[in-house]
Student: 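Handing you this structure, nothing more for now.
All values below come from the heavy atoms of this structure, side chains included, with hydrogens, waters and symmetry mates left out. This structure is a prediction, so every number in the text was calculated from the model and none was measured.
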Amino acid sequence: MVGHALATTAHSDVAAVNAWIEQGGDIATTVVGGRLFVAPAGRGHQLGIKLARAMTDWAAHHCLDLVGDVMAQDTAAIAIYEHLGWQRIGTALHDTGHGTEVPAYLYVSPAPRT
């Protein structure tokens, strides 16, 4: 496996879901994208873009709003999402589980086409 991405049911304990609802989104038609990664062996082949586009297209095809977060330090992922038209809808701090927090940007994918 050289890459992975998923979409899961939206829950109110997810910062991006809450930010989207605050902006008028509906939790019933929202899914959360996450765990998008490309292993070192697969990098350099635009797999990150392809995986992000697949998630975005899947959500749009099903008329769902797709939200997610990106760690602020992950500039490559931020560039991919913004290139695909995702909009930043807020910020959050994520607990690393090691007694520290890291900043993250919250995003929503482009509006589904009707």
Student: Over all heavy atoms of both residues, which pair between A16 and I89 is shortest? Give the atoms and the distance, please.
Tutor: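 Smallest interatomic distance, heavy atoms only, reads O-CD1, 3.8 Å.
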Student: Are L106 and I27 in one and the same hydrophobic cluster, where Ile, Leu, Val, Met, Phe, Trp and Tyr link if side-chain heavy atoms are under 4.5 Å apart?
Tutor: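 Yes; tracing contacts between hydrophobic side chains, which count when under 4.5 Å, links both residues.
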Student: Report yes or no: do V108 and V14 belong to one cluster of Ile/Leu/Val/Met/Phe/Trp/Tyr joined by side chain heavy-atom distances under 4.5 Å?
Tutor: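 Both belong to a single hydrophobic cluster.
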Student: How about NE2 on H83, more than 12 heavy atoms from neighbouring residues, nucleotides or ligands closer than 6.0 Å, or not?
Tutor: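 No, because the 6.0 Å sphere around NE2 of H83 holds 12 heavy atoms or fewer from other groups.
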Student: To the nearest 0.5 Å, tell me how far H61 NE2 sits from T56 OG1.
Tutor: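 With rounding to 0.5 Å, NE2 (H61) is 14.5 Å from OG1 (T56).
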Student: In this structure, are over 12 heavy atoms from other groups packed under 6.0 Å from Q46 atom CD?
Tutor: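 Incorrect, the count does not exceed 12.
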Student: Please examine the side chains of L6 and H4, heavy atoms only from C-beta on, and report whether any two atoms are closer than 4.5 Å.
Tutor: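 Of all side-chain heavy-atom pairs linking L6 with H4, at least one is under 4.5 Å.
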Student: Between V67 and L64, is there shared hydrophobic-cluster membership here, with clusters defined by ILVMFWY side-chain heavy atoms closer than 4.5 Å?
Tutor: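 No, V67 does not connect to L64 through the hydrophobic network.
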Student: Rest of the hydrophobic cluster containing V102 (Ile/Leu/Val/Met/Phe/Trp/Tyr, side-chain heavy atoms under 4.5 Å)?
Tutor: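 Result for V102 is M71.
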Student: Can you hop from V38 to V70 via hydrophobic side chains spaced under 4.5 Å?
Tutor: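 Yes.
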Student: Count I, L, V, M, F, W, Y as connected when their side-chain heavy atoms are under 4.5 Å apart, and connections chain through other members. Are W58 and W20 then in the same cluster?
Tutor: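 No.
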Student: So, do S12 and V17 sit near enough that their side-chain heavy atoms are less than 4.5 Å apart?
Tutor: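 Side-chain contact under 4.5 Å: no.
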Student: Looking at A52 and L84, what are the two nearest heavy atoms and their distance?
Tutor: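 That would be CB-CD1, 3.5 Å.
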Student: Within the 4.5 Å heavy-atom criterion, are E82 and R88 side-chain neighbours or not?
Tutor: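 E82 reaches R88 side chain to side chain.
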